[in-house]
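Heads up: the structure comes next, in C-alpha cells.
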There are 2 protein chains.
Amino acid sequence: MISSPPKPAKPKLATRRRLIDATARLFAEHGYNGLTMRSVAQEADANLAAANYHFGSKDALVLEMLSERIQPINKRRLALLEEAKRRNGKLAPSAHEIFHSLIFPIGEEIARSSKSRWSLAQLVARTFTEPVYFIERMHQKFFSQIAKLYHQELSLAFPNVPTKEIHWHLHLAVSSMLGALAQHRRLRDFTEGVCSEEEVGEMINRLIRFVTHGFVMGINSSSTE
Amino acid sequence: MISSPPKPAKPKLATRRRLIDATARLFAEHGYNGLTMRSVAQEADANLAAANYHFGSKDALVLEMLSERIQPINKRRLALLEEAKRRNGKLAPSAHEIFHSLIFPIGEEIARSSKSRWSLAQLVARTFTEPVYFIERMHQKFFSQIAKLYHQELSLAFPNVPTKEIHWHLHLAVSSMLGALAQHRRLRDFTEGVCSEEEVGEMINRLIRFVTHGFVMGINSSSTE
DNA sequence: AATCTATTAAAACGCTTGTTTGAAAAAATA
DNA sequence: TATTTTTTCAAACAAGCGTTTTAATAGATT
C-alpha cells in the first residue's frame, strides 16, 4: 500500500514568516518596548529561542519586519508619482496628485492586509512616534530621501513659492498624515460612533483632500501676505 | 557664637515636585514603558523608594504628572473660546478663532516651560500614541468632553454642514495637531536645516492656519459636491 | 527635652526581560 | 541508508523591573 506523503492538516507557514507577522501585529499594538520575545513566540506559535535563532536579536527582528512592511509602500509611492508626471507631460503634477501618490499607497496596503486591517496604519504611525533610538535612525533612512523627492516635486509645481515655505507646509502635511493614521483607531470613540474606522477608502480620500487644502491654501496665503 | 541655621546651598525643591518634573521629562522622551522608577529617582536626585512613598505606584505617579500638565491647557482653551464668543456677540466665532483657542494654549505652555522647551509638545503628543491602556483611558477622560464642546461650537459656526462632516473634519484637524506636535522635533532634519524647531510661535501659527484651511475647504467642497 | 509624625534610605523580594545553552528532532544530502 | 546540516525545544542565565520592608533620620508638637 502506497501512502501519500503525510501533510500537516494546517500547513504551517515557515517559522520565520510567522515570527515577522506576529512581530508586526504586536509592534503595532504595543510599541517596541511593549513587545516581548515571549509574546512574539506565543503569537507566532513558535519556540522562544526561535526568534533569536532566525534573527539574532529583538532589534534585528523588528528592523527586518519594518523594512519588509515599509519598502513596498515607498516603491508604490514612486510609481504613482512617476505615473502622474507621465500623465501631465511637460506640466507639473497638481498638489492633489502629488499628495495622492504619497498617501494612497498606505490605504492600498491597509486594504490588502485583510486580517486586522488597521494594524498597518498603527504600525506606520508607530515608527514615527517610537522613542527607541534605532527605530528613529532607520526610519530617517527610509524616509529622508523620499521627503527630499517630494520637496523637489512640489517646488516644480509651485515655482514662485520660497523653498522654506514648501518645507514648512510639506512638514505639516506629512505630520497630518501620520497623526491621522495614528489616531484613526480612535475615530469611533472621538466621534461618538458617528464615523466608523471600517471606511478605509473614505478616510484616505478625506485625508488626501485635507492635507492638499492645508498645503495649497497655506502656500497661497503666505505668498500673498 | 550664634550660627545661622544651616541652609543647603541649593535649596532643593520638595521631593514630590522633583519627582513629577523628572517623570514629565522622561515620559516625553521614552514613553511609559521606557520610563523606569529607577530612572525617575536618579533624574530627580531622590531615593528609589521615594516615588512609591509619595505616589503609591508608577501608574499613579504618571497619572498625577499628566493631570497636572494637561488640565491647565484645557482650562485655557475654554477661556479663549469663551473670549471669542463674547467678542463676536450673537455671531458664532470663525473657524480660525475656534482652532486658535484649541491649539494656541499648547504653544503658550511650550513657551512657558523654558527648560527643554519642546518636551511638553512631545509629552502631549505621547499621551495620544501611548499604547498603555490606562493612559488611553485617562486621555479619553480628559479629552472626550472638550472634543464634544468643539464639535458643538463648529456646528454653530457651520449650521448647514451635516454632523458627520463636522465630525470627520474635526477628527482630521485634531489628528493633524497631534501629528505636528509629535513630529516637530524632527522638523530640522526633515527640512534639511531650512526650518528650525526654535521658532515656537511660528510653528503654532502655521499649524492653526493649516488645520483651519483643511477644515473649512474640506467642509465646503464636500457640501457642494 | 521628650514624643510623635513624616520623610529618607538601603536592601531585598518576586517577577519579567532578552539571550544563551546543549540536546533532541527534522530535513537535507550523500 | 548513513551522514551531515538545519531547525526546534526546554531549561537556565544574568540583568532590570516595580514594589515592599525595615531601620534611620529629620521636623514638628507637646
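What you see is a predicted model; the values in this text were computed from it and never measured. Chain letters run A, B, ... following the sequence lines, proteins first, then strands; residues in each count from 1.
Contact annotation: B:Thr15 reaches the phosphate of C:dT8 (side-chain N/O to OP1 or OP2, under 4.0 Å).
The side chain to side chain contact (heavy atoms under 4.5 Å, CB included) check on B:Ala180 picks up A:Leu172, A:Ser175, B:Met203, B:Leu207, with sequence neighbours excluded. Under the side chain to side chain contact (heavy atoms under 4.5 Å, CB included) criterion, B:Ile146 pairs with B:Asn74, B:Arg77, B:Leu78, B:Phe143, B:Tyr150, sequence neighbours left out. B:Thr212 is linked by a side chain to side chain contact (heavy atoms under 4.5 Å, CB included) to B:Ala95, B:His96, B:Phe99, B:Ile208, B:Val216, counting only residues two or more places apart in sequence or in another chain. For A:Arg16, the side chain to side chain contact (heavy atoms under 4.5 Å, CB included) partners two or more places apart in sequence, or in a different chain, are A:His54, A:Phe55, A:Glu64. With sequence neighbours excluded, no residue satisfies ring-ring contact (aromatic ring centres under 6.0 Å, His included) with B:His213. Applying the ring-ring contact (aromatic ring centres under 6.0 Å, His included) criterion to A:Phe27, with sequence neighbours excluded, gives no partner residue.
Looking at residues 48-63 of chain A, you'll see A:Leu48, A:Ala49, A:Asn52, A:Ser57, A:Lys58 sit with a heavy atom under 4.0 Å from some atom of DNA chain C.
Across the protein-nucleic acid pair, A:Gln42 atom CD and C:dT16 atom P stand 13 Å apart, rounded to whole Å. A straight line from CG of B:Asn47 to P of C:dT8 spans 9 Å, rounded to a whole angstrom.
Using cut-offs of 30° and 60° on the angle between ring planes, the pair A:Phe215 and A:His169 is perpendicular.
The salt bridge (Lys or Arg N to Asp or Glu O under 4.0 Å) analysis of residues 27-41 of chain A, with sequence neighbours excluded, yields no pairs.
Between the side chain of B:Arg38 and the base of D:dG16, no donor-acceptor pair of N or O atoms lies under 3.5 Å.
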| task | List the protein contact pattern of nucleotides 22-27 of chain D with one symbol per nucleotide (5' to 3'): B for base contact, S for sugar-phosphate-only contact, - for none; contact means a heavy-atom distance under 4.0 Å. | result | ------
